**Q** 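Mind having a look at this structure? Questions to follow.
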Amino acid sequence: MSAKELYKTKPLGCWNKAKEIRQNYYLDYAKAHERGGLRWAGGAWTFGAIPCGLGDDVWSITSEPYSASIANNKEFSMRCLEATERAGYARDLCSYMRNYWGSVILNEFLWGGPFPKPDFIWQDHICCSHAKWYQVVSDLEGGIPMFTIDVSVGPYGEVNENKINYLVGQMHDGIDWLEKVTGRKYNDQKLIEAVYNECRATSLWAEVCALNKAIPAPLDEKTMYSLYVLGTLMKHSKIVADFYQELRDEVKDRVANKIAAIPNERCRLMSDTQPPWGFLSLFRYLEQYGAVSIGSLYTFGLIGIWEVKPDGTWGARTTPQEKGIVIKDRDQALRILADWNLSKPEWQHFYSPHLKTEMMIRIAKEWSLNGIMLHYNRGCEGLTVGIAENRLGLIEAGFPVMTFEGNMGDEREFDLTKTMARVDAFMETLGLKK
Amino acid sequence: MFDKFRDWGKNRHDYAKSWKERTGGKVLGYFCTYVPEEIIYSTGVLPVRILGSHEPQDVTEPHIFGMFCPFCRDCLAQGLKGRYDYLDGIMIAQSCLHIRQAYTSWEKHIPVDFKYYLTMPQRVQSPRALPYLVGELEAFKKAIEDWTGKKITDKALDKSIEVYNENRRLMHNVYDLRKADKPPLSGEEAMQMVISSQMTDKEDHNKELKNVLNGLEKRNTGRETGVRLIILGSEDDDLEFIHMVESCGATFVIDDHCTGTRYFWNEVVPEKNRIEAIAKRYIERVPCPSKDWEERRRVPHILKLVDDWKVKGAIVIQQKFCDPHELDIPAIRKALKDKGIKNLFLELDVTVPVGQFKVRVEAFLEMFGEEDLFD
């Protein structure tokens, strides 16, 4: 170790496995028809466990991670964005949506070949753009059967029987619809397995994130992006749940042995909202100051499911199986799935930025942060909603806050040089030098 | 003839303050037309819609990021500037992400007695939306009862529903007169009428509507109708813009705006369970695009308005950054084009560049005369 290197570090052992799972996911979707299976499309937050009841040969493509991958390929992304604009859609709409539509319009799949048209759309709706996204996809593809579940029933603290019934009722209708659209008989046992898997996977991811409370942090946010993404692809799958278990064990080991994400950790930060995907080098720039972004409400709570533990701190939510709950039928499975998802941290701010501020302050305290970087993300109205109030709340709570404007999926709205200059100024206020 | 409506809209704060003095009642500000005003009004509380003032402002920047629509920021600005200091409460019915930020910042920074976020369902096309909304409205009714200390009886709800339905019927009557070859009112006057209905006691408004309707059918406005237009899109209370277009040889004969038809088009159909009747009205009303999925039900509705009001052209107008409308506009413009209806798309901000828009509007209207040109 050099003088600047305070901690040991090493690459993650399960890194290649994460890459392999992701690659297979897109390959499985593209080749589904060749294998006699079905394809569906929907958002990363959709109830993916439900179509599992149609059989093991049903593969999905979730829209946001696919679009983020496009954004990382600047040449293809630009062609997608321009194709969408030529089709008459506004440039200030969600940039994930615009990248995705562009891929459909150009009929080009990011990994080669024509865009694989889904057999049906299975979506959820909490952001203004969610259902409308696929309404347009259906328009562009000449009509695809579509079912959407409205989940916008209010914050978890106010959930009651009426709200749960609304979700569960739609889920039951959705299953009837799936049977009708696919002509397949629905298998409740497969649904139950998927619900168990989802609870296990999303709780384990929260456990991984909670391990980052350790100093030095065993993971940095840039690395976490490549790991949490699996939960946005298929949080209901055994493959992902098993992977997160392996990851949790490895990260635990890193904490026990003080293996750091970056060897010179001197400053701990968190970000907010999706990063500008084409410019993740920004996180490496932070490291020149010994600053590590330990995550964010976004990386922790987009798929991670949390609860307040008896000592008052945040930790992974106890799964139904850990509580000894045996799911016996469809209705029970759907009720558990609805309740589990409604507690998702990233669903709370849709009703009040102040709830998000409280969670961010909690992270800032429990993860021992020195500062916060808020990405005023023009690409995502859903996660940027209320961000200015978050800034005010964090400042009021005494945390140094830096903001930068950008766009997760449209490189025309991000200026790396200017952002690095902002980082320099922020680091100076924190008393850090390269 | 429409002076009273114009004055009420222009002097909305004076009206509300004097209403309070006169009645001793409370005033509740609301942010979206999905708010079930019938329940509020049944307790003697006056619901008033919070709208902007179309002035440049610099007070909302710390609260709402500039990528959100100018309308939501303009509304919040009114609160931060103290122009609604007479409000006893505020509420919102869930619709788009933009306007809810005006509510969430208002509730944090501007003290009021009562605040309520009604989780109005987004998927109004689901059969599950009605029982869900009934449950949410029951909870809201209880919250209002607790706040006002008044039990809401069926009798009070019936009266409130009737006052609101009468208002809707009367405004429909006025709108029907716009089908005439020479409409007896301008689009500007129609907009003044609807806007003022959102911020006055409906009983006052009904009285004035009846007065107006007395002589309206025979009224000669003294102006040429010109090109018959529909205006449609995001929230729009920009009277100056409407006035400008109508001074260029056109008349707006119909609209699809939440400051227009979308606000009053549907009535509450009375039934034994009053809350369910109210819920049905809000589920079945002409939708805001944020709730118009999976089917686009607004499109055939707009095309029917075009037919019934003999529309020749459309101005599609949208608040800058308004995602729900942006998501529907290509489909709507295509439907209009397929029907042979020429349309012009414009993007609104808090302040409208009337001069620039005028050039575009004039060019648009000239297109309607091109057949004469080549005769």
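Naming convention: chains lettered A, B, ... in sequence-line order (proteins, then strands); numbering from 1 in each chain. In this text, all values refer to a predicted model and were calculated from it rather than measured experimentally.
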**Q** Which bit of Ser126(B) is near chain A, if near means a heavy-atom gap under 4.5 Å: side chain, backbone, both or neither?
**A** side chain

**Q** Most heavy-atom pairs under 4.5 angstrom with chain B, which of Ile126(A), Asn165(A), Asp173(A)?
**A**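 Option with the greatest count: Asp173(A).
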
**Q** Given that the side chain runs from C-beta out, which part of Tyr134(A) has a heavy atom under 4.5 Å from chain B: side chain, backbone, both or neither?
**A** neither

**Q** To the nearest 0.5 Å, how far apart are CE in Met171(A) and CG in Leu178(A)?
**A** 12.0 Å

**Q** Give, as side chain, backbone, both or neither, the part of Pro127(B) having an atom under 4.5 angstrom from any heavy atom of chain A.
**A**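 Just the side chain, heavy atoms under 4.5 Å.
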
**Q** Find the distance between OG1 (Thr119(B)) and CD (Glu136(B)) and round it off to the nearest 0.5 Å.
**A** 3.5 Å

**Q** Ring centroid separation for Trp106(B) and Phe31(B), is it under 6.0 angstrom?
**A**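 Yes: the rings meet the under 6.0 Å criterion.
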
**Q** At a 4.5 Å cut-off on heavy atoms, which part of Ser138(A) comes close to chain B: side chain, backbone, both, or neither?
**A**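 Neither the backbone nor the side chain of Ser138(A) comes within 4.5 Å of chain B.
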
**Q** Any donor-acceptor pair under 3.5 Å linking the side chain of Ser67(A) with the backbone of Met97(A)?
**A** no

**Q** Out of Val153(A), Ile387(A), Val136(A), Thr403(A), which one racks up the most heavy-atom pairs below 4.5 Å with chain B?
**A**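 It is Val153(A).
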
**Q** Ring-plane angle category for His375(A) and Phe414(A), please: parallel below 30°, perpendicular beyond 60°, tilted otherwise.
**A** perpendicular

**Q** Side chain, backbone, both or neither: which part of Leu392(A) has a heavy atom under 4.5 Å from chain B?
**A** side chain

**Q** What part of Ile64(B) gets closer than 4.5 Å to chain A, counting heavy atoms only: side chain, backbone, both or neither?
**A** backbone

**Q** For a quick check under 3.5 Å, do Asp139(A) and Gln135(A) share a side-chain donor-acceptor pair by atom type?
**A**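 Looking only at side-chain atoms, Gln135(A) and Asp139(A) do not form any donor-acceptor pair under 3.5 Å.
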
**Q** With a 4.5 angstrom heavy-atom cut-off, could you sort out which part of Pro324(B) is near chain A: side chain, backbone, both or neither?
**A**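 Contact with chain A is through both the backbone and side chain of Pro324(B).
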
**Q** Under 3.5 Å, is there a donor-acceptor pair between the Glu389(A) and Ser105(B) side chains?
**A** yes

**Q** Strictly by modelled atom types, are Asp150(A) and Ser152(A) linked by a side-chain donor-acceptor pair under 3.5 Å?
**A** yes

**Q** Non-hydrogen atoms of chain A under 4.5 Å away: do they reach the side chain of Phe65(B), the backbone, both or neither?
**A**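 Backbone plus side chain of Phe65(B), per the 4.5 Å heavy-atom cut-off to chain A.
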
**Q** Does any heavy atom of chain B fall under 4.5 Å from the side chain of Gln123(A), the backbone, both, or neither of them?
**A** neither

**Q** Could you state the interatomic distance from SG (Cys322(B)) to CG (Leu348(B)), rounded to the nearest 0.5 Å?
**A**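 Cys322(B) atom SG to Leu348(B) atom CG measures 10.0 Å (nearest 0.5 Å).
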
**Q** Of the backbone (N, CA, C, O) and the side chain (C-beta and beyond), which part of Arg296(B) lies under 4.5 Å from a heavy atom of chain A, both, or neither?
**A** both

**Q** Against chain A, label Gln94(B) side chain, backbone, both or neither, depending on which of its atoms sit under 4.5 Å from a heavy atom there.
**A**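 Just its side chain gets close to chain A.
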
**Q** Are Arg123(B) and Phe147(A) in a cation-pi contact, defined as NZ or CZ under 6.0 Å from the six-membered ring centre and within 45° of the axis?
**A** yes

**Q** Do we get Arg285(B) above Tyr34(B)'s six-membered ring, with its NZ or CZ under 6.0 Å from the centre and within 45° of the axis?
**A** yes

**Q** Is Tyr117(B) close to chain A through its backbone or its side chain, or both, or neither, when contacts mean heavy atoms under 4.5 Å?
**A** side chain

**Q** Out of Gln170(A), Glu381(A), Arg391(A), which one racks up the most heavy-atom pairs below 4.5 Å with chain B?
**A** Glu381(A)

**Q** Quick check on Glu138(B) against chain A: is it the side chain, the backbone, both or neither that has a heavy atom closer than 4.5 Å?
**A**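 No part of Glu138(B) comes within 4.5 Å of chain A.
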
**Q** What part of Asn390(A) lies closer than 4.5 angstrom to a heavy atom of chain B: side chain, backbone, both or neither?
**A**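 Contact with chain B involves no heavy atom of Asn390(A) at all.
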
**Q** Non-hydrogen atoms of chain A under 4.5 Å away: do they reach the side chain of Gln101(B), the backbone, both or neither?
**A**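 Interface part for Gln101(B): side chain.
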
